[in-house]
Amino acid sequence: PPEVPERIHAVVFAGDHGVAQHGVSAYPAAVTPAMVRTFAIGRAGVSALAGAHGVTVRVLDIAVDDDLEGIDPEVQRFKVRRSSEPLHLRDALTRDEVEQALAAGAAVAAEEIAAGAQVLISGDMGIGNTTPATALIADSLGLPAADLTGRGTGIDDAALLAKQELI
């Protein structure tokens, strides 16, 4: 059997979603920068789980709608923009922004591998994040949003229906 990996790295990519201003989440977008700060100081739930298993955690601001003053500038080294646009009203990102974000992901993966990662785990954080994820999956697979849309942070029935219609 293969050896158990010893150097596991997790990278959390954070960003705000313009659609979050349209009732798709039970929480306000202001939670995103608060969570990034929590990740940065190692106090998030993922930090505790990672610490218990020897996993290093890195957080990066890709599109948080905040200046994140006082945070290590390294967290914002790959920032593409402040929040996306509301995806149901216009393109969430420009083609250039998508390419910049994908290039950032590739660069970060290369950095983590060069730093010795044997296993690399990626994660995302941002209020409203399940909405663009669901929209991408629905479009990619040609499935109806109603079959894929979940409650995310625990929205009620009315908000779930509105989220399904928005997607």
Side-chain angles (χ1 to χ4, degrees), residues 1-84 87 92-93 98 100-137 148-157 159-160 163 167:
E3 291 184 30
V4 175
E6 296 176 359
R7 294 179 307 280
I8 303 168
H9 296 196
V11 180
V12 178
F13 297 90
D16 281 300
H17 305 279
V19 74
Q21 304 301 326
H22 298 271
V24 299
S25 176
Y27 296 95
V31 172
T32 302
M35 284 303 304
V36 170
R37 291 177 187 289
T38 305
F39 285 121
I41 62 171
R43 299 285 187 175
V46 71
S47 306
L49 291 170
H53 297 283
V55 176
T56 64
V57 177
R58 179 179 178 190
V59 62
L60 295 171
D61 167 9
I62 302 301
V64 177
D65 194 12
D66 194 276
D67 291 333
L68 296 174
E69 291 180 23
I71 294 284
D72 181 352
E74 180 64 21
V75 171
Q76 294 186 303
R77 183 162 58 106
F78 294 98
K79 190 168 187 113
V80 173
R81 61 175 291 157
R82 285 181 67 135
S83 187
S84 68
L87 58 80
L93 301 172
V98 170
Q100 186 180 350
L102 292 171
V108 169
E111 287 178 7
E112 295 297 325
I113 291 166
Q118 294 172 303
V119 175
L120 180 56
I121 302 166
S122 64
D124 71 299
M125 190 283 136
I127 297 302
N129 61 355
T130 62
T131 300
T134 303
L136 287 168
I137 293 166
L148 302 171
T149 307
R151 294 185 184 274
T153 53
I155 56 176
D156 63 21
D157 290 344
L160 177 62
K163 182 177 175 181
I167 294 171

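Each residue takes its place number in the sequence, starting with 1. As the structure is a prediction and not an experimental result, all values here were calculated from the model. FYI, side chains are in, hydrogens and waters are out, and symmetry mates aren't considered; it's all heavy atoms of this structure.
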*If you look at every heavy atom in Asp124 and Val12, which pair is closest and at what distance?*
C-CG1, 4.1 Å

*asked:* Among Val80, Ile62, Leu93, which residue satisfies the side chain to side chain contact (heavy atoms under 4.5 Å, CB included) criterion with Gln100?
replied: Val80

*Provide the closest heavy-atom pair for His17 versus Ser84 in the form atom of the first, atom of the second, distance.*
CA-OG, 3.4 Å

*Identify the heavy atoms of Pro33 and Ala30 that sit nearest to each other, and give their distance.*
CD-O, 3.3 Å

*Check Thr153 against Ala26 and note the closest heavy-atom contact, atom names and distance.*
OG1-N, 3.0 Å

*Between Lys163 and Thr130: side-chain donor-acceptor atoms closer than 3.5 Å*: yes

*Distance-minimising heavy-atom pair for Asp157 and Arg151*: OD1-NH2, 2.5 Å

*Do Leu60 and Val11 pass the side-chain contact (heavy atoms from CB on, under 4.5 Å) test, and can you show the C-alpha distance, the side-chain angles, and the key distance before you say yes or no?*
CA-CA 7 Å; Leu60 295 171; Val11 180; 3.9 Å; yes

*Is there side-chain contact between Ile167 and Thr131, with at least one heavy-atom pair below 4.5 Å?*
yes

*Looking at residues at least two apart in the chain, or sitting in another chain, which of them share a salt bridge (charged side-chain N to carboxylate O under 4.0 Å, His left out) with Asp67?*
Arg82

*What pair of heavy atoms forms the shortest contact from Ala159 to Gly23, and how long is it?*
CB-O, 4.0 Å

*Run the numbers on Thr38 and Met125 for side-chain contact (heavy atoms from CB on, under 4.5 Å), then give the verdict.*
CA-CA 12 Å; Thr38 305; Met125 190 283 136; over 6 Å; no

_The test is side-chain contact (heavy atoms from CB on, under 4.5 Å); show your working for Thr32 and Asp65 and say whether it passes._
CA-CA 8 Å; Thr32 302; Asp65 194 12; over 6 Å; no

*Pairwise side-chain contact, Ile127 with Pro28, heavy-atom cut-off 4.5 Å (strictly under)*: no

*Given side-chain contact (heavy atoms from CB on, under 4.5 Å), test Asp16 with Arg81 step by step and report yes or no.*
CA-CA 10 Å; Asp16 281 300; Arg81 61 175 291 157; over 6 Å; no

*side chain to side chain donor-acceptor pair (under 3.5 Å): which pairs involve residues 51-61, sequence neighbours left out?*
Arg58-Glu74, Arg58-Glu111, Arg58-Glu112, Asp61-Gln76, Asp61-Lys79

*asked:* Looking at Phe78, I'd like to know if its CZ atom is crowded, meaning that more than 12 non-hydrogen atoms belonging to other residues, nucleotides or ligands lie closer than 6.0 Å.
replied: yes

_Check: Ser25 side chain, Ala20 main-chain N or O, donor-acceptor pair, under 3.5 Å_ = no

